[in-house]
Q: 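Supplied in structure tokens, the structure appears directly below.
What you see below is based on every heavy atom in this structure, not just the backbone, and it leaves out hydrogens, waters and symmetry mates. Start at 1 with the first residue, then count along the sequence.
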Amino acid sequence: MRIQQLSRATYVLFVIVCAVLGAPTGKPKRKGCRCKKVYKELQASFDAKFKAFENRFTADLPNLNRIANETMKLAEYNARISKLFENVQFTQDALQRESQTLKSVKNQMLEQRLNLKDLNTNFAVIDAVVKNLSDVIDRLANISPLPALSNKINQINPETKPSIPATQPTEPTSKATTLQEMTSYPKDCHEVHKSGGMKYEGDYYIMIKPEKSPKPFKVLCKVANGTGWTVIQRRQDGSVDFYRNWEDYKAGFGNQNGEFYLGNEHIHHLTTQGDYKLRIDMEEWNGKKYYAVYDIFRIANENDNYRLRITNYHGTAGDSMTTMRDDHNGMQFSTYDRDNDRRSLNNCAVHYRGGWWYSDCFESNLNGRYYTDGQHNDFFQRNGIQWNSIHLHSSLKFVEMMIMPSDGAMNNNHI
């Protein structure tokens with residue numbers, strides 16, 4: 001198209017030049033026409049320019065191909081960007097949905113928190129009820145046997161007692177049935193927890209009767225980490241004096257709401273009805289806590305002076321019961337009025353102000369004197385609440401000893 005336009009322009013220009021130069025003046029002369037020469041010059045000039053244009057176009061053709069390729073790439077990039085935008089939009093929608101879900105969960109958690117607060121309030125009420133029931137159980141346990149009550153009634157109304165004819169044979173009198181015999185008691189706290197009682201963690205007060213115990217007695221139960229423990233000793237504020245005689249340690253003393261010792265006779269009946277383990281929780285005055293667990297724990301009867309059997313330690317407090325220096329395993333119990341330790345010079349219970357399974361004398365003395373802030377009056381006497389693997393010369397702030405049936409670590413019930 002462009003070449004045709006150039007040819008037409010050349011032809012028009014050629015006609016104009018011929019009209020101007022071709023008109024002769026005067027007599028005609030026989031000279032050649034100059035139009036052909038001009039036409040050739042113009043043709044050559046146009047050919048040269050067209051050739052230059054063609055060369056330039058040919059030289060620029062690769063650039064045009066590159067531009068076309070780049071254009072295609074831009075189109076591909078544009079498609080990818082569109083796809084990414086769609087993905088971003090989808091992700092944004094998903095995040096919005098997750099945000100709504102998290103808001104819903106947050107509201108549910110706030111609602112559960114309010115419910116938990118109400119539940120804690122109810123637990124406090126239940127705990128108060130349990131304590132009241134414990135007091136009632138204590139009073140019921142002290143009720144006189146039913147036959148004695150019947151005798152009192154007969155003394156008041158003797159005329160109402162039916163007479164038995166002399167000819168009628170009398171049946172033999174059966175053994176008197178007491179209120180305690182009519183009541184079934186669990187043998188320890190673990191049995192109650194295992195059967196579905198005491199579901200929530202905390203302290204409970206119940207009556208138990210081990211297999212060989214002559215009568216039931218009150219104990220403090222502690223539910224922790226999904227297990228039910230029977231607490232046998234607690235030290236926490238120094239409100240109870242633990243420098244006691246043999247009979248006190250035999251029967252037990254103190255207040256189970258605070259500091260107390262359950263009593264060697266009760267501990268003996270508990271630990272000889274199966275395999276039991278001991279856990280001791282301890283706390284220093286700086287707030288650091290420790291525990292010690294012994295998989296085998298048992299004490300003999302009074303005839304053997306409540307001899308201790310304890311082995312298989314694990315925990316964080318370190319072993320201060322079965323050490324090489326003063327091994328408490330196999331030792332008999334000692335008090336200030338009953339010296340059963342291995343020291344010949346004096347009585348360890350007197351020197352260290354407690355009742356314990358002393359050797360010569362101790363690596364632990366958890367029934368020692370309670371010192372506020374853990375400071376001893378005599379640095380070298382060490383008559384406080386001691387656990388030597390924690391500290392040699394500082395009395396502990398808190399101690400709690402509790403037992404429960406073990407996992408069958410020992411099959412022999414004899415010490």
Q: Give the minimum heavy-atom separation between W357 and I299, together with the two atoms involved.
A: CZ2-CG2, 3.7 Å
Q: Apply the test side chain to side chain contact (heavy atoms under 4.5 Å, CB included) to residues T91 and V88: give CA-CA distance (whole Å), side-chain angles for both, the deciding distance (0.1 Å), then the verdict.
A: CA-CA 5 Å; T91 304; V88 169; 5.6 Å; no
Q: Could you tell me if Q386 and N365 have a donor-acceptor pair between their side chains, going purely by distance under 3.5 Å?
A: no
Q: Please check this pair: side chain of N255 against backbone of F260, looking for a donor-acceptor N/O pair closer than 3.5 Å.
A: no
Q: Assess whether ring pair (Phe, Tyr, Trp, His ring centres under 6.0 Å) is satisfied between F362 and Y352, documenting all intermediate values.
A: CA-CA 9 Å; F362 70 82; Y352 293 107; 4.8 Å; yes
Q: Check whether any side-chain heavy atom of R369 sits under 4.5 Å from a side-chain heavy atom of S395, and report yes or no.
A: no
Q: Are E265 and Y306 linked by a side-chain donor-acceptor pair shorter than 3.5 Å?
A: yes
Q: Can K397 and E284 be said to form a side chain to side chain contact (heavy atoms under 4.5 Å, CB included), step by step?
A: CA-CA 5 Å; K397 177 183 179 181; E284 289 189 283; over 6 Å; no
Q: Run the salt-bridge test on R235 and E400 with the 4.0 Å N-O cut-off and return the result as yes or no.
A: no
Q: Side chains of I206 and K218, heavy atoms from C-beta outward: is any pair under 4.5 Å?
A: no
Q: Working to the nearest 0.5 angstrom, can you tell me the gap between L396 CG and Q236 CD?
A: 14.0 Å
Q: Using side-chain heavy atoms (C-beta onward) and a distance below 4.5 Å, is Y204 in contact with V223?
A: yes
Q: Where the side chain of Y313 meets the backbone of G315, is there a donor-acceptor pair that is under 3.5 Å apart?
A: yes
Q: Do S389 side-chain atoms and A317 backbone N/O form a donor-acceptor pair below 3.5 Å?
A: yes
Q: Nearest 0.5 Å, please: how far is NE2 in H351 from CZ in R382?
A: 9.0 Å
Q: Do any side-chain atoms of residues 243-250 form donor-acceptor pairs under 3.5 angstrom with protein atoms, and if so which ones, sequence neighbours left out?
A:
unit_1: R244; atom_1: NE; unit_2: D241; atom_2: O; d: 2.7
unit_1: N245; atom_1: OD1; unit_2: E247; atom_2: N; d: 3.3
unit_1: N245; atom_1: OD1; unit_2: D248; atom_2: N; d: 2.9
unit_1: W246; atom_1: NE1; unit_2: E302; atom_2: OE2; d: 3.0
unit_1: Y249; atom_1: OH; unit_2: F242; atom_2: O; d: 2.5
unit_1: Y249; atom_1: OH; unit_2: G355; atom_2: N; d: 3.4
unit_1: K250; atom_1: NZ; unit_2: E302; atom_2: OE1; d: 2.9

Q: Between the side chains of N257 and Y205, does any donor sit under 3.5 Å from an acceptor?
A: yes
Q: Among D281, L278, V231, find the one that has a side-chain contact (heavy atoms from CB on, under 4.5 Å) with M401.
A: L278
Q: Measure from the side-chain N and O atoms of N340 to the backbone N and O of F333, and report whether any donor-acceptor pair falls under 3.5 Å.
A: yes
Q: Can you tell me how far the OG1 atom of T230 sits from the CE atom of M404, to the nearest 0.5 Å?
A: 9.0 Å
Q: For P214 and H269, which heavy atoms make the closest approach, and how far apart are they?
A: CD-CE1, 3.7 Å
Q: Under 4.0 Å between a Lys/Arg side-chain N and an Asp/Glu carboxylate O for D360 and R343?
A: yes
Q: Taking C-beta and beyond as the side chain, do H268 and N264 meet within less than 4.5 Å on heavy atoms?
A: no
Q: Treating W356 as the side-chain partner and S364 as the backbone partner, does any N or O pair qualify as donor plus acceptor under 3.5 Å?
A: yes
Q: Checking side-chain contact (heavy atoms from CB on, under 4.5 Å) against L270, which of S213, P405, P210 comes through?
A: P210
Q: If you compare all heavy atoms of M321 against all heavy atoms of D327, which two are closest, and at what distance to 0.1 Å?
A: O-OD1, 3.2 Å
Q: May I ask you to decide if N388's main-chain N or O and E363's side chain share a donor-acceptor pair within less than 3.5 Å?
A: no
Q: So, the side chain of D237 versus the backbone of S239: is there a donor-acceptor pair under 3.5 Å, distance only?
A: yes
Q: Rounded to the nearest 0.5 Å, what separates atom CD1 in I208 from atom CD in E191?
A: 9.5 Å
Q: Looking at T227 and A224, would you say the former's side chain and the latter's main chain have a donor-acceptor pair under 3.5 Å?
A: yes
Q: Test Y370 against V399 for side chain to side chain contact (heavy atoms under 4.5 Å, CB included), laying out the working first.
A: CA-CA 11 Å; Y370 193 93; V399 173; over 6 Å; no
Q: What are the two closest non-hydrogen atoms of H314 and D295, and how far apart are they?
A: NE2-OD1, 3.1 Å
Q: Would you say that L366 contacts Q233 through its side chain, given a criterion of any heavy-atom pair below 4.5 Å between the two side chains?
A: yes
Q: Go through D188 and Y276 one step at a time and tell me if the side-chain hydrogen bond (donor to acceptor under 3.5 Å, both in side chains) criterion holds.
A: CA-CA 11 Å; D188 58 21; Y276 274 75; 2.4 Å; yes
Q: In the structure I gave you, are the side-chain heavy atoms of C189 and V219 within less than 4.5 Å of one another anywhere?
A: yes
Q: Taking the side chain from N78 and the backbone from I81, do they hold a donor-acceptor pair closer than 3.5 Å?
A: no
Q: Do side-chain atoms of T101 reach the backbone of R97 as a donor and acceptor pair under 3.5 angstrom?
A: yes
Q: Stepwise, does the salt bridge (charged side-chain N to carboxylate O under 4.0 Å, His left out) test hold for K222 with D203?
A: CA-CA 5 Å; K222 188 180 188 69; D203 292 350; 3.7 Å; yes
Q: Quick one: pull up NZ in K73 and CG in N69 and give me the separation to the nearest 0.5 Å.
A: 7.0 Å
Q: Which heavy atom of D339 sits nearest to which heavy atom of S334, and what is that distance?
A: C-OG, 4.0 Å
Q: Test side chain to side chain contact (heavy atoms under 4.5 Å, CB included) on L220 and R234; report intermediate values, then the result.
A: CA-CA 10 Å; L220 166 61; R234 179 186 282 170; 3.3 Å; yes
Q: Kindly compute the distance separating CG (L84) from CZ (R80), expressed to the nearest 0.5 Å.
A: 9.0 Å
Q: For Y294, which of D319, T322, N329 qualifies under side-chain hydrogen bond (donor to acceptor under 3.5 Å, both in side chains)?
A: D319
Q: If you take all heavy atoms of C348 and D341, which pair is closest and at what distance?
A: N-OD2, 2.9 Å
Q: Just so I know, are the side chains of D93 and Q89 near enough to count as touching, which here means a heavy-atom distance under 4.5 Å?
A: yes
Q: Can you find a heavy atom in the side chain of C221 that is under 4.5 Å from one in the side chain of H193?
A: no
